[in-house]
Amino acid sequence: MIHLILTDIEGTTTPITFVHDVLFPYSAARLPSFVLANEDDPIVRQCLDDAIATVREEKNRAIYTDGAVEELLRWIDEDRKHPALKTLQGLIWRHGYESGAYKGAVYDDVAPALERWKKSGRELGVYSSGSVAAQKLLFTHSSAGDLSPLFSWYFDTAVGKKREPAAYGNILKEVRRSGGEALFLSDVAEELDAAAQVGVGTIQLIRPGITASDRHRTAPDFDAVEAMALR
């Protein structure tokens, strides 16, 4: 029986366009001024130092705060999953959510399904490349209301990269479940491949613009997931 349902965000609960057309531009437009205003904040300073260290290691080049900002903006364009960038984006996005500049977009089928699954006694978790802070912001300020109480677990790349089996093994240890008790939902076949290698059940969400893989069960929405695997 499935006791834990773990879901990706981008392309699974949330349209890819929201991330790329709303969140990324918002953070890019505000990152330079945010850093300037908060450079002495310990978290911001650590992010800048981490970006500087990465450039030194990868490019053998010394940069300072201005150069770090330029590199971070380049990473936004590249959609690089660097922890320093993800942390800074989360801080900037918080202002956007709390000011009402936007709400976290979720597909219409997501909230009702999550509520049913929670009421059935299952635990719900999120595993996304975005920071845990950013995940919580999206679901707290979602277009369907505050969905954050539905989730028991949030995971980001601190547990490992999403295309590596070890990450899913780490999650199973944290939640104290076997692979056969867990189901992972994602639109990315390679992420599902990694989860399957440690025995986790998988379903690929085929939202608009997603190409189906022949390696996993597929579903167009969360209602179909329920009919397929949770009854």
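In this text the structure is predicted, and so the values were computed from the model without any measurement.
No more than 12 heavy-atom neighbours from other residues, nucleotides or ligands sit within 6.0 angstrom of CG on N60. Shown here is K103, whose NZ atom has no more than 12 heavy atoms of other residues, nucleotides or ligands within 6.0 Å. More than 12 heavy atoms of other shown residues, nucleotides or ligands fall within 6.0 angstrom of atom CZ in R80. Counting non-hydrogen atoms of other residues, nucleotides and ligands closer than 6.0 Å to CG of D108 gives a total of 12 or fewer. Within a 6.0 Å radius of CD in E57, other residues, nucleotides and ligands contribute 12 heavy atoms or fewer.
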Applying side chain to side chain contact (heavy atoms under 4.5 Å, CB included) to L230 and R122, what does each step give before you reach the verdict?
CA-CA 10 Å; L230 302 177; R122 294 180 171 92; 3.8 Å; yes

Verdict with reasoning, V188 to E10, per side chain to side chain contact (heavy atoms under 4.5 Å, CB included):
CA-CA 10 Å; V188 180; E10 186 179 343; over 6 Å; no

Full working for side chain to side chain contact (heavy atoms under 4.5 Å, CB included) between T65 and E39
CA-CA 9 Å; T65 296; E39 187 176 350; 3.0 Å; yes

Tell me, with the steps shown, if D79 and H20 meet side chain to side chain contact (heavy atoms under 4.5 Å, CB included).
CA-CA 9 Å; D79 191 14; H20 288 268; 3.8 Å; yes

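Q89 approaches S27 most closely through the heavy-atom pair NE2-OG, 3.4 Å. Between G96 and S99, the shortest heavy-atom distance links the atoms O-OG, 3.1 Å. The shortest heavy-atom contact between A229 and L183 is CB-CD2, 4.2 Å. Of all heavy-atom pairs spanning T202 and A195, the tightest one is CG2-CB, 4.1 Å. Shown here for D8 and F184, the closest heavy-atom pair between the two residues is N-CE1, 3.9 Å. Closest non-hydrogen pair, N170 versus V159, comes out as ND2-O, 2.8 Å.
Remark: the backbone N or O of D223 is not paired with any side-chain donor or acceptor of D109 at under 3.5 angstrom. Distance alone, capped at 3.5 Å, places no donor-acceptor pair between the N38 side chain and the D41 backbone. With hydrogens and angles disregarded, a donor-acceptor distance shorter than 3.5 Å links the side chain of S142 to the backbone of G145. Distance alone, capped at 3.5 Å, is enough to place a donor-acceptor pair between the Q135 side chain and the G130 backbone. A donor-acceptor pair is defined here as one N or O able to donate and one able to accept, closer than 3.5 Å; such a pair exists between the side chain of W93 and the backbone of L23. Put simply, the side chain of S33 gets close to the backbone of R30: a donor and an acceptor are under 3.5 Å apart. Of the possible donor and acceptor atoms, one in the side chain of T14 sits under 3.5 Å from a partner among the backbone N and O of A105. A donor-acceptor pair under 3.5 Å links the side-chain atoms of T12 to the main chain of D187, judged by distance alone.
Hydrophobic cluster membership differs between V225 and L192, with clusters built from Ile, Leu, Val, Met, Phe, Trp and Tyr side chains linked at under 4.5 angstrom. Placement of V106 and I5 within a single hydrophobic cluster is found when ILVMFWY residues are connected by side-chain heavy-atom separations under 4.5 Å, directly or transitively. Note on L6 and I2: separate hydrophobic clusters, where clusters join Ile, Leu, Val, Met, Phe, Trp and Tyr whose side-chain heavy atoms are under 4.5 Å apart, directly or indirectly. Hydrophobic clustering (ILVMFWY, side-chain heavy atoms < 4.5 Å, transitive): Y107 and L124 are in one cluster. Neither L36 nor V44 shares a network with the other; the hydrophobic side chains, linked directly or stepwise wherever heavy atoms of I, L, V, M, F, W or Y lie under 4.5 Å apart, form separate groups for each.
The stretch residues 188-201 participates, sequence neighbours left out, in these side-chain hydrogen bond (donor to acceptor under 3.5 Å, both in side chains) pairs: K162-E191, S186-E191, D193-R215, D193-H216.
With contacts defined as side-chain heavy-atom distances shorter than 4.5 Å, the pair D77/L73 does not qualify. Contact check for R217 versus Q204: no side-chain heavy atoms found under the 4.5 Å cut-off. Between D21 and P15, every side-chain heavy-atom pair lies at or beyond the 4.5 Å cut-off. Side chains of I171 and W153 form no contact here, defined as non-hydrogen atoms less than 4.5 Å apart. Looking only at side-chain heavy atoms (C-beta outward), L72 and L48 come within less than 4.5 Å of each other.
Taking CZ from R45 and CD1 from I52, the interatomic distance works out to 5.5 Å, rounded to the nearest 0.5 Å. In this structure, OG1 in T13 is found 8.0 Å from CG in L114, a value given to the nearest 0.5 Å. Between the CG atom of D50 and the OG1 atom of T87 there is a distance of 8.5 Å, given to the nearest 0.5 Å. Rounding to the nearest 0.5 Å gives a distance of 8.0 Å between CG of D221 and CG of L205. Going from atom CG of L150 over to atom CZ of R116 covers 12.0 Å, rounded to the nearest 0.5 Å. Taken from NE2 in H141 to CD in E98, the straight-line distance is 5.0 Å, to the nearest 0.5 Å.
Remark: E71 engages V55, K59, R61, R74, W75 in a side-chain contact (heavy atoms from CB on, under 4.5 Å) (not counting sequence neighbours). With sequence neighbours excluded, the residues satisfying ring-ring contact (aromatic ring centres under 6.0 Å, His included) with Y154 are F151. Under the ring-ring contact (aromatic ring centres under 6.0 Å, His included) criterion, Y102 pairs with Y26, Y97, sequence neighbours left out. Remark: F222 engages W117 in a ring-ring contact (aromatic ring centres under 6.0 Å, His included) (not counting sequence neighbours). Applying the ring-ring contact (aromatic ring centres under 6.0 Å, His included) rule to H3 yields no partners; only residues at least two apart in sequence or on another chain are considered.
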